[in-house]
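The model shown is predicted, which means the values in this text are computed figures rather than measured ones. To find a chain, count down the sequence lines: A is the first, B the second, and so on, and within it residues start at 1. Basis for what follows: all heavy atoms, side chains included, without hydrogens, waters or symmetry-related copies.
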Number of protein chains: 2
Amino acid sequence: MATIRDIAKKAGVSVATVSYVINGGPRPVASATRERVLQAMEELNYHPNTSARQLARQRTEAIGVAIAGLGEDNFSSAYFLEYIRGISYAAEMNGYNVLLLTNQRKTDGLVFYRAIARSRLVDGLLFLGSSIPDPAVIALAREGFPVVMLARHIPGHVVYSVEQDYYQGAYTATRHLLERGYRRIGFLGQALCFNYGIERLQAYRQALSEAQVPYEPRWVSIPETPRDNPTPEEVASLLAAGVEALLTDREAVVLAHLRALGRRVPEDVALVGLDESELGAVLEVPLTTVRPPKFEVGKQAVEMLLRLIAGDPPATQQVRLPMELIVRQSSPPRQRLGREEPV
Amino acid sequence: MATIRDIAKKAGVSVATVSYVINGGPRPVASATRERVLQAMEELNYHPNTSARQLARQRTEAIGVAIAGLGEDNFSSAYFLEYIRGISYAAEMNGYNVLLLTNQRKTDGLVFYRAIARSRLVDGLLFLGSSIPDPAVIALAREGFPVVMLARHIPGHVVYSVEQDYYQGAYTATRHLLERGYRRIGFLGQALCFNYGIERLQAYRQALSEAQVPYEPRWVSIPETPRDNPTPEEVASLLAAGVEALLTDREAVVLAHLRALGRRVPEDVALVGLDESELGAVLEVPLTTVRPPKFEVGKQAVEMLLRLIAGDPPATQQVRLPMELIVRQSSPPRQRLGREEPV
DNA sequence: TTGTAGGCGTTATCAA
DNA sequence: TTGATAACGCCTACAA
């Protein structure tokens with residue numbers, strides 16, 4: 001494989017000059033010389049060796065995407081794809097490469113990610129999904145390694161993050177149901193160890209409270225520990241408690257459960273998603289949902305990370321992007337369903 | 001950041017010894033010495049610099065996944081996720097890193113991928129999806145760079161590949177419909193510039209022929225040029241021609257079209273997928289489909305690539321993994337639908 | 001069993 | 001405007 005020295009020899013210049021041509025600086029090169037160099041590069045089909053360049057420059061121009069959950073064999077991993085697309089897009093536009101880090105061997109998170117950081121495999125790390133342990137993220141950030149979290153943040157810690165606005169999303173969704181006349185609104189939540197679990201619940205309660213609708217614990221189901229999908233029993237118990245509408249971040253699964261329980265959407269119960277899955281649009285009953293700007297979250301997270309890498313940290317440490325309410329057919333005005341007046 | 005020299009000094013040994021400890025060879029190290037070295041590494045929180053190691057070893061222990069289509073803003077990109085999971089799994093199990101290469105800027109494929117190959121950014125390349133231009137793949141393979149194609153091959157060229165058996169899959173699907181009593185079987189195909197477009201069509205015809213069912217061109221729709229999804233018009237024209245069952249690699253989309261046209265599945269028309277989408281299982285009418293072993297394809301492609309990298313090429317250049325027929329509810333026995341006897 | 005030193009291919013700092 | 005050369009951090013052949 002041709003090296004910079006081969007090019008220098010062939011073009012009759014020094015390696016330094018070749019380097020300046022390759023990198024467009026830091027010193028100018030006479031255009032006649034440049035031409036000779038470029039031609040030599042062309043003829044030898046020369047491309048600078050990445051490893052050597054990384055070593056000399058002391059940076060890799062690569063970022064890692066840690067997405068431990070990708071190892072799990074569950075359907076929800078498709079959820080992450082849009083983030084990855086945004087990440088990949090922004091990285092490439094900025095001349096950075098993207099490494100996929102999944103910790104399949106399930107070694108201790110701190111050990112795994114610290115090794116990556118200290119070995120300078122990448123210049124910075126993006127953390128995606130809740131399977132990444134908080135202590136690992138916090139430790140790396142504290143050690144000064146460029147780190148950005150996506151789609152969540154760690155309450156009480158200053159770690160840079162970009163996420164959808166879960167509060168605003170859940171608030172909007174709840175308001176939507178209220179405005180359409182529903183009062184008995186069920187809520188299938190996530191464990192409260194995640195910021196989004198907390199935020200969604202608070203938003204739900206706030207929206208109810210503003211509408212003077214009393215909060216009814218029997219209409220709310222929050223798991224003790226993180227879980228991916230609501231169980232049929234969870235859904236059944238809310239139905240038994242008399243809900244006429246449901247809020248959930250797993251709309252497709254809940255829809256399947258409802259079907260299995262013999263309940264129609266929206267005739268028997270309205271359904272609104274808190275975190276759009278790609279499924280919503282293609283189902284027979286297109287689902288009303290709140291859509292997170294995943295691509296944009298990924299994109300902005302990269303841009304934030306690159307600023308951290310460049311030593312030019314952005315002023316805002318936690319960026320929150322608004323969710324968008326997509327009204328489809330699973331949440332028609334309550335009256336149209338011909339129900340009795342709200343209680 | 002601590003270097004190997006710092007460790008050597010602290011442990012009172014030479015850098016060579018430290019290196020042998022790190023790499024477990026090629027020379028043995030006395031266990032007392034090893035302990036001192038390991039402790040020094042621990043205390044200084046030392047991790048070998050990846051770039052330096054790559055430069056010295058002349059390999060990166062990373063593979064690239066080229067998936068140009070990821071840049072497109074279409075839903076079908078979720079299709080690739082299972083391959084990526086298999087790739088990521090196998091790579092990590094073998095100590096390799098995975099780089100995501102998407103060519104977002106849409107530079108010429110050959111230029112783009114050759115630069116990656118010659119700059120030794122990765123040790124080998126996996127090509128996923130039909131958006132990668134054939135000439136680029138062929139050229140790299142010819143230049144001796146380790147390359148494996150996933151989910152397709154290039155007819156008439158010796159490029160290593162791992163793919164689902166499209167022929168067997170389509171044959172199985174067609175047979176399934178025939179065995180269930182259908183005779184007027186429509187076929188929505190892909191352009192014939194891809195091996196899977198050809199194979200599926202051939203398999204369909206072969207299965208019909210074996211069952212003594214004449215081939216009817218009006219029941220077949222093949223686009224001139226590659227397209228992602230069948231149009232509603234395509235579907236409508238097959239229906240107008242009187243088909244009572246449909247084969248398609250875009251089952252979810254076709255189902256939506258059918259719904260829009262007011263046709264029920266399976267009452268009005270049976271539907272069988274040729275390339276399972278994740279959607280099939282969650283729809284109200286769970287779809288019969290042929291499932292490609294995507295995870296396994298990804299995994300085996302990595303293993304094949306690693307053998308190429310190791311200079312130990314496998315004997316079989318084109319691996320084909322069987323698809324699995326998943327019988328669900330969109331293709332019940334024809335008689336049960338209460339139709340007249342087959343023509 | 002361990003130490004020394006040259007090489008991997010760039011970048012960047014000196015001089016000229 | 002250009003050339004020579006010392007890093008960058010690790011690996012490994014050669015010596016000891």
Side-chain angles (χ1 to χ4, degrees), chain A residues 1-38 40-41 44-62 95 97 115-123, chain B residues 1-38 40-41 44-62 95 97 115-123:
Chain A
M1 196 74 85
T3 78
I4 199 172
R5 253 173 282 268
D6 300 324
I7 306 300
K9 195 176 299 173
K10 188 168 181 98
V13 298
S14 74
V15 294
T17 303
V18 177
S19 176
Y20 302 144
V21 171
I22 293 170
N23 299 302
R27 291 194 317 209
V29 175
S31 71
T33 316
R34 164 182 293 109
E35 279 314 314
R36 282 213 314 286
V37 170
L38 287 175
M41 285 170 53
L44 296 183
N45 195 0
Y46 166 82
H47 294 267
N49 180 293
T50 305
S51 305
R53 169 173 269 182
Q54 289 176 348
L55 179 60
R57 288 189 180 166
Q58 296 286 75
R59 59 198 152 88
T60 63
E61 305 204 316
N97 283 118
I116 287 165
R118 295 199 58 102
S119 70
R120 317 257 79 151
L121 176 62
V122 294
D123 295 339
Chain B
M1 198 73 84
T3 78
I4 200 173
R5 255 174 280 271
D6 299 324
I7 305 300
K9 194 177 299 173
K10 188 165 180 101
V13 299
S14 73
V15 294
T17 304
V18 177
S19 175
Y20 302 144
V21 170
I22 294 170
N23 299 304
R27 289 196 317 211
V29 176
S31 71
T33 317
R34 164 183 292 109
E35 279 314 312
R36 283 213 313 285
V37 170
L38 288 175
M41 286 170 54
L44 296 184
N45 196 0
Y46 167 81
H47 294 268
N49 180 294
T50 305
S51 306
R53 168 174 268 184
Q54 289 176 348
L55 179 58
R57 289 189 180 165
Q58 294 287 75
R59 59 198 151 92
T60 62
E61 305 205 315
N97 283 118
I116 287 166
R118 295 200 58 100
S119 70
R120 316 258 78 150
L121 176 62
V122 294
D123 295 340

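Checking the phosphate oxygens (OP1, OP2) of C:dT10, no side-chain nitrogen or oxygen of A:Ser19 falls inside 4.0 Å. Look at B:Asn49 and you won't find any side-chain N or O under 4.0 angstrom from OP1 or OP2 of D:dC8. Residue B:Tyr20 places no side-chain N or O under 4.0 Å from the OP1 or OP2 atom of D:dC10. Between A:Gln58 and D:dG9, a side-chain N or O to OP1/OP2 separation shorter than 4.0 Å is present. OP1 and OP2 of C:dT1 both lie 4.0 Å or more from every side-chain N or O belonging to B:Thr33.
Here the C1' atom of nucleotide C:dC8 and the CG atom of B:Leu55 are 4 Å apart, to the nearest Å. Between A:Arg5 atom CZ and C:dC8 atom P there is a gap of 8 Å when expressed in whole angstrom units. The separation between B:Arg120 atom CZ and C:dT10 atom P is 12 Å, rounded to whole Å. For the pair B:Gln54 CD and D:dC8 P, the computed distance is 19 Å after rounding to whole Å. Straight-line distance from the CZ atom of B:Arg36 to the P atom of C:dT2: 8 Å, rounded to whole Å. A:Met1 has its CE atom 10 Å from the P atom of C:dG9, to the nearest Å. If you measure from atom CD1 of B:Ile4 to atom C1' of C:dA5, you get 14 Å, rounded to the nearest angstrom. D:dG9 atom C1' lies 13 Å from atom CG of B:Asn23, rounded to whole Å.
At least one side-chain heavy atom of B:Asn23 sits under 4.5 Å from a side-chain heavy atom of B:Arg57. Contact of the B:Ile7 side chain with the B:Val15 side chain is not registered, since no non-hydrogen atoms from C-beta on lie closer than 4.5 Å.
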Tell me, with the steps shown, if A:Met1 and B:Arg118 meet side-chain contact (heavy atoms from CB on, under 4.5 Å).
-> CA-CA 8 Å; A:Met1 196 74 85; B:Arg118 295 200 58 100; 3.3 Å; yes
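Comparing B:Arg57 and A:Val18 along DNA chain C, the residue whose closest nucleotide (by nearest heavy atom) sits nearer the 5' end is B:Arg57.
In this structure, B:Leu44 and B:Ala2 approach most closely via the heavy-atom pair CB-CB, 4.1 Å. When all heavy atoms are compared, the tightest approach of B:Thr3 to B:Tyr46 is C-CE1, 3.6 Å. Of all heavy-atom pairs between A:Arg36 and A:Gly12, the closest is NH2-O, 4.0 Å.
Using a 4.0 Å cut-off on heavy atoms, the residues of residues 10-17 of chain A that approach DNA chain C are A:Ala16, listed by number.
A side-chain donor-acceptor contact under 3.5 Å links B:Ser119 and A:Thr50.
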